[in-house]
Amino acid sequence: LTMYDQKRKVRGSVGVFDEELHEKIKIEQQMHEDLRHAIGNGELCVYYQPILCAVDKKVTSVEALLRWDRNGTRVSPVIFIPLAERIGLMPEIGTWVLNRACIDASQWSFPQPVSLSVNVSINQLLGGDFIHSLKQVLDSTKLTPSSLSLEITESVFAKNETVVANQLQAIKQLGVKISIDDFGTGYSSLHRLQSMPCDFIKIDRSFVQNTDEGSGTIVRATMLIAQEFGCKTIAEGIETHEQVERLTGLGVDYLQGFLYSKPMCANDFITWYNEN
Ligand code: C2E
Ligand code: MG
Ligand code: MG
Ligand code: MG
């Protein structure tokens, strides 16, 4: 190859790369645009997944999980929530979820009380009017504060430690509970945990589903931590009876997973509850 050929070859591949990148950016920007209009277009809805008491297998709560039907095609929250977070839409979308879920839950009347658990993103939590909108929704729906829990991932502890701690204190003062989601997978610090008022620790699906020695050790350590801090534990991603045996054997308090039910729309959840 001559110098000229080499240069041309490099340039040529840069050209292809440019095109691909350009296409990718275009697709992403289209998704941004669509997401901005998702609320207004009525494309968002909240699904509910039951959480059961490990002892008697009765439903004690549900986790609210956001769904987006983008022009009729469902997009996974794993994809669009980080995107919404990046483009600054999460406070607005999160507030919508909180309102929708609290309205739904306030209309339920089951023989046993069913609590509600709602995921809250870091930018939503740190948004200036989070506590205000939380108060407002409790007010307007008359939901008992202690029947609401907010799920926060460990990653929120990675930054803004003081601000996060203040927000969590304010949440606790309203009587609302706090769950740490995906425990063990993220930026964990026992020191920080100590200053966090948490009611539930959610053991991540990966530790529930993997049966290797390491996962077992992490679950046992988590149980000790929860006991020390006076929190209850929830095992996520239960799909088999073996997992039920294993996790209840380790002392987990609550179970959540496809074995019991996938997340369902509000109406299907009511039907499911009445049939179970
Ligand atoms: P997450 O909060 O850890 O929610 C649990 C996820 O595990 C849900 O996925 C649920 O459908 C799934 N899951 C539950 N049981 C099983 C099981 O037995 N097997 C398997 N394979 N999966 C199971 P989903 O609904 O796709 O949500 C993914 C993540 O998106 C959530 O993880 C949460 O981080 C985020 N997310 C969903 N809705 C919201 C929301 O309203 N606000 C915020 N900030 N994040 C949300
Ligand atoms: Mg969650
Ligand atoms: Mg989780
Ligand atoms: Mg998870």
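The figures that follow rest on heavy atoms only: side chains count, while hydrogens, waters and symmetry mates do not. The shown structure was predicted, so the numbers you read here are calculated from the model rather than taken from an experiment.
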Is it true that [Y] and [X] share a donor-acceptor pair across their side chains at a distance under 3.5 Å?
X    : Y    : result
T233 : D253 : yes
S149 : S179 : yes
S121 : N123 : no

Heavy-atom side-chain contact between [X] and [Y] under 4.5 Å:
X    : Y    : value
L148 : L134 : yes
R100 : C45  : no
L66  : W96  : yes
I201 : F229 : no
R67  : P263 : yes

If you compare all heavy atoms of [X] against all heavy atoms of [Y], which two are closest, and at what distance to 0.1 Å?
X    : Y    : result
I103 : S106 : O-OG, 2.8 Å
P145 : L174 : CB-O, 3.1 Å
A38  : W68  : CB-NE1, 3.5 Å

Name each donor-acceptor pair under 3.5 Å that joins a side chain in residues 266-276 to protein atoms two or more places apart or in another chain, with its distance.
residue: T271; atom: OG1; partner: N267; partner atom: O; Å: 3.0
residue: N274; atom: ND2; partner: I270; partner atom: O; Å: 3.1
residue: N276; atom: ND2; partner: W272; partner atom: O; Å: 2.7

Within 6.0 angstrom of E239 CD, more than 12 heavy atoms from elsewhere:
yes
Would one find more than 12 heavy atoms of other residues, nucleotides or ligands at under 6.0 Å from atom NZ of K57?
yes
Working note: D199 + K172, criterion side-chain contact (heavy atoms from CB on, under 4.5 Å); need CA distance, chi angles, decisive distance, verdict.
CA-CA 10 Å; D199 301 281; K172 289 302 299 177; 2.8 Å; yes
Stepwise side-chain contact (heavy atoms from CB on, under 4.5 Å) check, L98 with L150:
CA-CA 9 Å; L98 186 63; L150 301 178; 4.1 Å; yes
Please report the interatomic distance [atom1]([X]) to [atom2]([Y]), rounded to the nearest 0.5 Å.
X    : Y    : atom1 : atom2 : answer
C53  : I234 : SG    : CD1   : 11.0 Å
S140 : K135 : OG    : NZ    : 14.0 Å
L116 : W108 : CG    : CH2   : 6.0 Å
F183 : C198 : CZ    : SG    : 8.0 Å

State whether R220 and E213 are salt-bridged, where the test is any N-O pair (Lys NZ or Arg NE/NH1/NH2 against Asp/Glu carboxylate O) under 4.0 Å.
yes
Please check: side-chain N/O of D204 versus main-chain N/O of S206, any donor-acceptor pairing under 3.5 Å?
yes
Within the distance-only criterion (no hydrogens, no angle test), does the side chain of Q112 pair as donor or acceptor with the backbone N or O of T60 below 3.5 angstrom?
no
Sorted by chain and number, sequence neighbours left out, salt bridge (charged side-chain N to carboxylate O under 4.0 Å, His left out) with K202 holds for E63, E151, E236
Assigning hydrophobic clusters by single linkage (Ile, Leu, Val, Met, Phe, Trp, Tyr; side-chain heavy-atom cutoff under 4.5 Å), is V176 placed with Y254?
no
Would V97 and I79 show up in the same hydrophobic cluster when neighbours are defined by side-chain heavy atoms closer than 4.5 Å?
yes
Show me, pair by pair, the donor-acceptor contacts under 3.5 angstrom made by side chains of residues 22-33, not counting sequence neighbours?
residue: Q30; atom: NE2; partner: D34; partner atom: OD1; Å: 3.1

